[in-house]
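This is the structure I want to talk about, given as structure tokens.
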Amino acid sequence: MQKPSIPKGTRDFTPPEMANRNYIFNTIKDVFRLYGFQQIETPAMENLSTLMGKYGEEGDKLLFKILNSGDFLNSLTEQEISDRNSLKLTTKISEKGLRYDLTVPFARFVVQNRDKISFPFKRYQIQPVWRADRPQKGRYREFYQCDVDVVGSDSLLNELELIQIVDEVYRRLKINVVIKINNRKILSGIAEIIGEADKIVDITVAIDKMDKIGLEKVNEEIASKGISENAIAKLQPILKLNGSNSEKLNILKSVLSQSEVGLKGVSELETIFGFCDMMQVQTKIELDLTLARGLNYYTGAIFEVKALDVEIGSITGGGRYDNLTGVFGMEGVSGVGISFGADRIYDVLNTLNLYPETSTENTQILFVSFGDKELIYALPWLSVLRNKGINAEIYPEPAKMKKQMTYADNKAIPYVAIVGETEMNENKVMLKNMKSGEQILVSVDELLQILNN
RNA sequence: GUGAUCAUAGCUCAGUUGGUUAGAGCGUCGGAUUGUGGUUCCGAAGGUCGCGGGUUCGAACCCCGUUUUUCACCCCA
């Protein structure tokens, strides 16, 4: 017999684990709805042509591809098989893939369903995504993303609302976080004024190392990337950038005074910070120039949320993309969105043990019986309780009392209703409080009264 | 994709320089207790030592390969 197993980087979830995960999903969902977002779903698999080329070269490698059905070798020539070119072969034998994120399928959804939606379109989507990554801490091959996006509106009020959503979700989950924010236009502005437009990535990577290796080493590293001395000199105020957000913005304003796009980015951030002040967003927001995630498609704000008490990478990320639907033939639709990483939030909650004690998913009362007659006697009682919305179950056979009681104990069911001949004769049940051990003989009405408290 | 690391009962783990029949705790099942769980006591079931090959008189232990676990890099939630 073979030992059962599941693919690398995937996980099973037990009932108590699911209760905890549902707590996360429900919290996030509640907040999304509070801000007027509506749910959609898209298929687990997309056409490979929809997915390929949207996440850069790395992303293409991390896509799970689905083998065509039937005799997929039949469509190949001898030449193609003997060439052993995996990359070329892939397009011939696989035309579907598992979704890699929710943003690209959403862009596809918007373009395809434009007749059914009206802008601004506020959608949320909570579904698993798959990446053929090598699993490690906080990294899985199957994990859930909880996306909120609004498309068809340039207003920075959308950025504000997303920040408010982050603020509210983590307040409810009781996780201490910091929101890091950057703006792609500022990064473009920096590249512009030092005349090295294609070096943004190198520069942000170097800035990121400031804390670790210090100013001198960072300058050496930038120089080694072929950036001119003149440009490095101009970069110095940016490398030394610190202080409050407004202090940082003031420095950027003077450094970027010659860059129209850079100043636009600064003013966007000023507006967003102003909104957050006015709306009294509690979470700390930090301007962080090293944030360069998703550089290929973000065009404005870039967000990332980090947990303060657990080392686990970012637990939420997102930004504004001006033309994501462009690749699917629909130009000029701007969107901004963020994605909550449910599985990393789950890890954070697990390490900090932040789950609420009362779980409403649990069974409230278990009926146990001494014989077949008692079993049948209990059935109408169950209906009465269930009709009142009380989670109730019955041990389905008159097993030994010890076994039935152990079952209740293991499931942490707070009440047990014991049914025997004496109880039946009086039209009552023996209600036992499993925590205190007390038990009393009760009628249906008395039972309902106790369970409703 | 690169570099480390782990794998023994359902779970967590022992297992001496390579030496008879591979152990413990927890869990499961049964009993002490035929109307009472969470405490206690007794008993039982449960193993191709990840898989394949090699060295050896002899391998859970040493060597090679492979898969898996965990971790770092890259990238990301």
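Quick note on labels: first sequence line is chain A, next is B, and so on, each numbered from 1.
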* Asked: Between the side-chain atoms of A:K432 and the base atoms of B:rU36, is any donor-acceptor pair under 3.5 Å?
  ->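 Check passes, donor-acceptor contact within cut-off.
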* **Any A:K8 side-chain nitrogen or oxygen under 4.0 Å from OP1 or OP2 of B:rU68** =>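 Yes, because at least one side-chain N or O of A:K8 sits under 4.0 Å from OP1 or OP2 of B:rU68.
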* Would you indicate, yes or no, if B:rU36 has its OP1 or OP2 atom less than 4.0 angstrom from a side-chain nitrogen or oxygen of A:K403? =>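 No, because none of the side-chain N or O atoms of A:K403 sits under 4.0 Å from OP1 or OP2 of B:rU36.
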* **Spacing between A:I312 atom CD1 and B:rC71 atom C1', to the nearest angstrom** =>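 Going from A:I312 (CD1) to B:rC71 (C1'), I get 14 Å.
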* Can you tell me, in whole Å, how much space there is between the P of B:rU40 and that of B:rA77? =>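 Here B:rU40 and B:rA77 have their P atoms 49 Å from each other.
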* To do: Looking only at side-chain atoms of A:R344, point me to the closest of B:rG37, B:rC76, B:rG35.
  =>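 Per side-chain heavy atoms of A:R344, the pick is B:rC76.
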* **Approximate separation, where rounding is to 0.5 Å, of A:Y144 OH and A:D343 CG** =>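 It comes to 8.5 Å.
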* Asked: Of all the choices, B:rG37, B:rU28, B:rA77, which nucleotide is nearest to the side chain of A:D409 once you look at every atom?
  ->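 Nearest listed nucleotide: B:rG37.
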* Kindly say if A:K400 contacts the phosphate of B:rG31, meaning a side-chain N or O under 4.0 Å from OP1 or OP2. =>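 Result: yes.
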* Asked: Distance from A:L269 atom CG to A:K248 atom NZ, nearest 0.5 Å?
  ->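 The NZ atom of A:K248 is 11.0 Å from CG of A:L269, to the nearest 0.5 Å.
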* Please give, in whole Å, the distance from B:rA77 P to A:L62 CG? ->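 Rounded to the whole Å, the gap is 12 Å.
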* May I ask you to check whether A:F367 and A:Y395 place their ring centres under 6.0 Å from each other? =>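 Ring-ring flag for A:Y395/A:F367: false, centres at least 6.0 Å apart.
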* Asked: Whole-Å distance between B:rA77 P and A:E311 CD?
  ->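 Taking CD of A:E311 and P of B:rA77, I get 17 Å after rounding.
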* **Nearest listed nucleotide, side chain of A:Q145, among B:rA32, B:rA77, B:rU36** =>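 In terms of side-chain proximity for A:Q145, the closest of B:rA32, B:rA77, B:rU36 is B:rA77.
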* Using heavy atoms to find the nearest nucleotide of RNA chain B for A:R139 and A:Q136 separately, return the residue whose nucleotide is more 5′. =>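 Its nearest nucleotide lies further toward 5', so the answer is A:Q136.
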* Taking atom C1' of B:rC75 as reference, at what distance in whole Å does atom CH2 of A:W130 sit? ->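 A:W130 atom CH2 is separated from B:rC75 atom C1' by 20 Å.
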* **Sub-6.0 Å ring centroid separation between A:F340 and A:F32** =>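 Yes, the ring of A:F340 comes within the 6.0 Å limit of the ring of A:F32, centre to centre.
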* Once the angle between the rings of A:Y355 and A:Y23 is folded into 0 to 90°, is it parallel (under 30°), tilted (30 to 60°) or perpendicular (over 60°)? ->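 The rings of A:Y355 and A:Y23 stand perpendicular, inter-plane angle above 60°.
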* When only distance counts, do a donor and an acceptor, one from the side chain of A:Q439 and one from the base of B:rU36, lie under 3.5 Å apart? ->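 Side chain to base: pair present.
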* Asked: With ring centroids as reference points, do A:Y100 and A:F64 lie under 6.0 angstrom apart?
  ->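 Ring-ring flag for A:Y100/A:F64: false, centres at least 6.0 Å apart.
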* Between B:rC13 and B:rG53 - C1' atom distance, rounded Å ->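 Going atom to atom, C1' in each nucleotide, I get 29 Å.
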* Asked: If the P atom of B:rA60 is compared with that of B:rC49, how far apart are they to the nearest Å?
  ->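 Per the computed distance, 7 Å lies between those P atoms.
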* From the list B:rG37, B:rA77, B:rG35, which nucleotide is the closest neighbour of the side chain of A:F143? ->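 Nearest listed nucleotide: B:rA77.
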* Taking the same atom, C1', in B:rA45 and in B:rU56, what whole-Å distance lies between them? ->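 Nearest-Å result for B:rA45 against B:rU56 at atom C1': 36 Å.
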* Given the C1' atoms of B:rC74 and B:rG10, what is the spacing between them in whole Å? ->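 Straight-line distance between the two C1' atoms is 38 Å.
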* To do: May I ask you to verify whether the side chain of A:T422 and the base of B:rG35 hold a donor-acceptor pair under 3.5 Å?
  =>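 Looking at the base of B:rG35, it does pair with a donor or acceptor on the side chain of A:T422 (distance under 3.5 Å).
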* To do: Please state how far atom NZ in A:K137 lies from atom P in B:rU69, giving the value in whole angstrom units.
  =>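 Distance, rounded to whole Å: 18 Å.
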* To do: Could you work out the separation of B:rA9 and B:rU48 based on their P atoms and round it to a whole Å?
  =>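 Comparing P positions in B:rA9 and B:rU48 gives a spacing of 9 Å.
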* Asked: Starting at the 5' end of RNA chain B and moving along, which residue's nearest nucleotide shows up first, A:S339 or A:T10?
  ->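 This one resolves to A:T10.
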* Side-chain (A:R139) to main-chain (A:D133) donor-acceptor, under 3.5 angstrom ->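 It does not hold such a pair.
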* **Sole residue of A:Q439, A:K432, A:E438 in side chain to side chain donor-acceptor pair (under 3.5 Å) with A:S436** =>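 Among A:Q439, A:K432, A:E438, the one meeting side chain to side chain donor-acceptor pair (under 3.5 Å) with A:S436 is A:E438.
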Check nucleotides 3-13 of chain B against the protein and report each pair of N or O atoms closer than 3.5 Å, with its distance, or say if there are none.
from: B:rG3; atom 1: O6; to: A:R134; atom 2: NH1; distance (Å): 3.2

* For B:rU28, does OP1 or OP2 lie under 4.0 Å from any side-chain N or O of A:N410? ->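 Checking A:N410 against B:rU28: at least one side-chain N or O falls below 4.0 Å of OP1 or OP2.
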* To do: Give me the ring orientation class for A:Y377 and A:W381: parallel if the planes are under 30° apart, tilted from 30 to 60°, perpendicular past 60°.
  =>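 Answer is tilted, since the angle falls between 30° and 60°.
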* Separation of the C1' atoms in B:rU20 and B:rG25, to the nearest angstrom ->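 It comes out at 26 Å once rounded to the nearest Å.
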* For atom P, what is the distance between B:rU70 and B:rA7, given to the nearest Å? ->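 These two P atoms come out 14 Å apart once rounded.
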